[in-house]
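Down below is the structure, laid out as structure tokens.
Basis for what follows: all heavy atoms, side chains included, without hydrogens, waters or symmetry-related copies. A, B, ... follow the sequence lines: proteins, then strands. Residue 1 opens every chain.
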Protein chains: 2
Amino acid sequence: MNYSIGLDVGGTKISAALVQKDKILEKIKMPTESEKGRPYVLKKITEAVDSLLKNVDKAEVVGIGVGFPGLVDVKTGTILKAPNVPGWNNFSIQKFLESKFKLKTYLANDVRAMALGEKNYGAGKNYKNVICLTVGTGLGGAVIINNELYCGKGNAGEIGHIIIVDDGELCGCGNKGCLEAYVSSRGINRESKKVFGKVLPPLDIEDMARKGNAKAIRVYATLGRYLGVGIATLTSVLDPEVVIVGGGIAHAGKYLLGPAVEELKKRSINRPPKVVQAEFGKDAGVIGAAHLPIMGGLK
Amino acid sequence: MNYSIGLDVGGTKISAALVQKDKILEKIKMPTESEKGRPYVLKKITEAVDSLLKNVDKAEVVGIGVGFPGLVDVKTGTILKAPNVPGWNNFSIQKFLESKFKLKTYLANDVRAMALGEKNYGAGKNYKNVICLTVGTGLGGAVIINNELYCGKGNAGEIGHIIIVDDGELCGCGNKGCLEAYVSSRGINRESKKVFGKVLPPLDIEDMARKGNAKAIRVYATLGRYLGVGIATLTSVLDPEVVIVGGGIAHAGKYLLGPAVEELKKRSINRPPKVVQAEFGKDAGVIGAAHLPIMGGLK
């Protein structure tokens with residue numbers, strides 16, 4: 001029982017991998033294409049898992065773990081609400097995959113899956129109390145307390161919706177002043193418009209920053225400063241050892257995290273935690289998903 | 001081993017009590033008078049404990065628990081930093097009381113002691129994940145996760161310093177926009193000045209609110225609304241079952257908590273927790289402190 005299958009489903013891309021602890025032995029990437037309908041996507045997922053299982057003794061595979069963006073029911077492996085993957089609400093991916101492959105299957109929210117990967121094998125492995133953030137289209141979060149993923153009444157870790165400016169910018173959730181309204185695609189687009197007069201793709205801005213473009217550096221610095229305010233709040237409440245930041249926009253690394261740490265140091269009443277980039281980058285989700293069958297899923 | 005001694009030390013008052021679970025069998029209240037020096041205060045505490053022990057078989061007393069306002073070291077029972085009780089920094093009250101009374105003694109921060117009381121016997125007893133707040137001179141907090149007080153790197157629960165307005169009002173900590181800058185004596189004094197043109201004592205404003213005075217009701221509603229913003233942030237991060245609010249300013253009950261709950265419902269992405277007043281009111285601290293020897297102190 002050495003191997004497991006990890007599936008990281010995103011709004012635009014799906015990764016499927018054969019994983020041994022934190023080692024990806026084989027990985028298949030594909031576009032999600034949810035517009036082609038759920039049966040089509042499920043067929044592609046099935047083919048990918050089939051292909052991964054070809055190169056391994058199935059008796060050695062402990063199970064399948066799935067990370068999915070949205071609200072999920074971990075007990076039944078059902079996707080409850082997935083705004084970025086239309087057509088999957090109330091579908092039990094666990095039931096589907098278990099009947100297809102006769103392998104125990106577990107589901108978790110994608111950020112929680114990423115957090116499990118980073119906690120068990122990556123940037124969080126030496127710490128008991130860890131906060132994970134993913135900065136991309138939105139700002140997702142997961143909270144690990146005393147080495148365990150903490151869920152509260154079920155939905156703890158909605159870090160994108162901590163309020164940092166009482167009467168601030170409008171957030172995707174309909175409220176005002178959430179951290180996600182400042183630190184996300186929405187936030188970077190707003191700053192890009194202010195600084196460049198138009199919306200540039202985040203990866204272009206990152207590229208420009210790396211080449212020393214002062215305006216691009218300023219865009220990331222603004223987002224970073226807000227991120228630091230948010231991490232200061234998390235530090236006051238949870239006093240964690242480390243905050244791990246992943247997701248597409250965090251790919252800018254020091255351009256985002258440098259200003260965040262600077263602001264955190266100014267604003268935090270507690271000793272600041274380490275703030276680090278996700279160690280596994282884009283693979284954190286699939287490695288964490290593959291850890292789900294090893295740990296017997298979430299409670 | 002049925003009884004314990006609880007000591008709740010405050011900046012202005014000290015309560016000492018002989019406690020059996022959540023029942024106060026005898027209580028002694030006195031002014032702190034820290035200006036008269038630590039030896040004087042210790043003498044009064046010693047006399048109070050002596051008096052409490054008179055009416056009970058000492059073999060039946062499990063120990064002494066102390067709640068103290070400030071940063072403490074629970075391992076050595078030492079007060080590290082107590083801004084509101086001058087002259088006690090780096091003093092081990094545990095060592096002092098143990099040598100005086102030959103009873104195991106434990107120390108905790110006062111809000112954490114209050115949280116232990118409410119969690120074990122009061123408004124939190126039926127819940128696993130509980131947040132306690134005390135609104136008074138400052139805004140203190142304590143976080144209970146999976147039935148245990150959570151401390152993080154040591155100082156989790158500094159809820160007064162979550163940032164709700166990035167560039168907001170000055171807080172006592174030197175930073176801007178902390179929840180405590182809005183919901184505390186400082187906050188109520190500011191609103192009182194705005195609404196009444198002068199600073200009225202909070203208890204007078206509470207009294208006026210109870211008699212239907214619209215201005216007084218408005219002062220509490222403003223504080224309550226800010227409190228709701230803070231609880232919304234806590235709900236996004238921790239998704240707790242219940243938030244318990246104690247402290248002098250929370251004595252206003254519905255005038256503070258009504259508007260807080262209303263704002264929380266608007267601002268929270270997660271299902272709002274119950275928001276309730278501390279069940280033991282002013283006795284929560286001493287009941288919680290008395291619980292420390294029963295649980296063998298904090299880790």
Which distance, rounded to the nearest 0.5 Å, do you find between the CG of A:Asp239 and the CD of B:Glu158? 8.5 Å
Contact origin within B:Tyr127 toward chain A - heavy atom pairs under 4.5 Å: neither
Of the listed residues (A:Lys266, A:Arg271, A:Lys128, A:Glu148), which shares the most heavy-atom pairs with chain B below a 4.5 Å separation? A:Arg271
Chain A contacts, top residue of B:Ile159, B:Ile164, B:Val165 (heavy-atom pairs, under 4.5 Å): B:Ile164
Are side-chain N/O atoms of A:Asn155 and B:Asn270 paired as donor and acceptor at under 3.5 Å? yes
Pull out the residues in residues 171-182 of chain A that come under 4.5 Å of chain B, heavy atom to heavy atom, sorted by number. A:Cys173, A:Asn175, A:Lys176
Top residue by heavy-atom pair count (under 4.5 Å) with chain B, among A:Leu238, A:Ile145, A:Ile131? A:Leu238
Contacting moiety of A:Val143, where chain B heavy atoms sit under 4.5 Å: side chain
Are there more than 12 heavy atoms of other residues, nucleotides or ligands under 6.0 Å from atom NZ of B:Lys153? yes
CG (A:Asp166) and CG (B:Asp166) are apart, to the nearest 0.5 Å, by 12.0 Å
Give a yes or no on this: more than 12 heavy atoms of other residues, nucleotides or ligands lie within 6.0 Å of atom NZ of A:Lys194. yes
Contact leader toward chain A among B:Ser268, B:Cys151, B:Pro240, where contacts are heavy-atom pairs under 4.5 Å: B:Pro240
Select one option (side chain, backbone, both, neither) describing which atoms of A:Ile163 are under 4.5 Å from chain B's heavy atoms. both
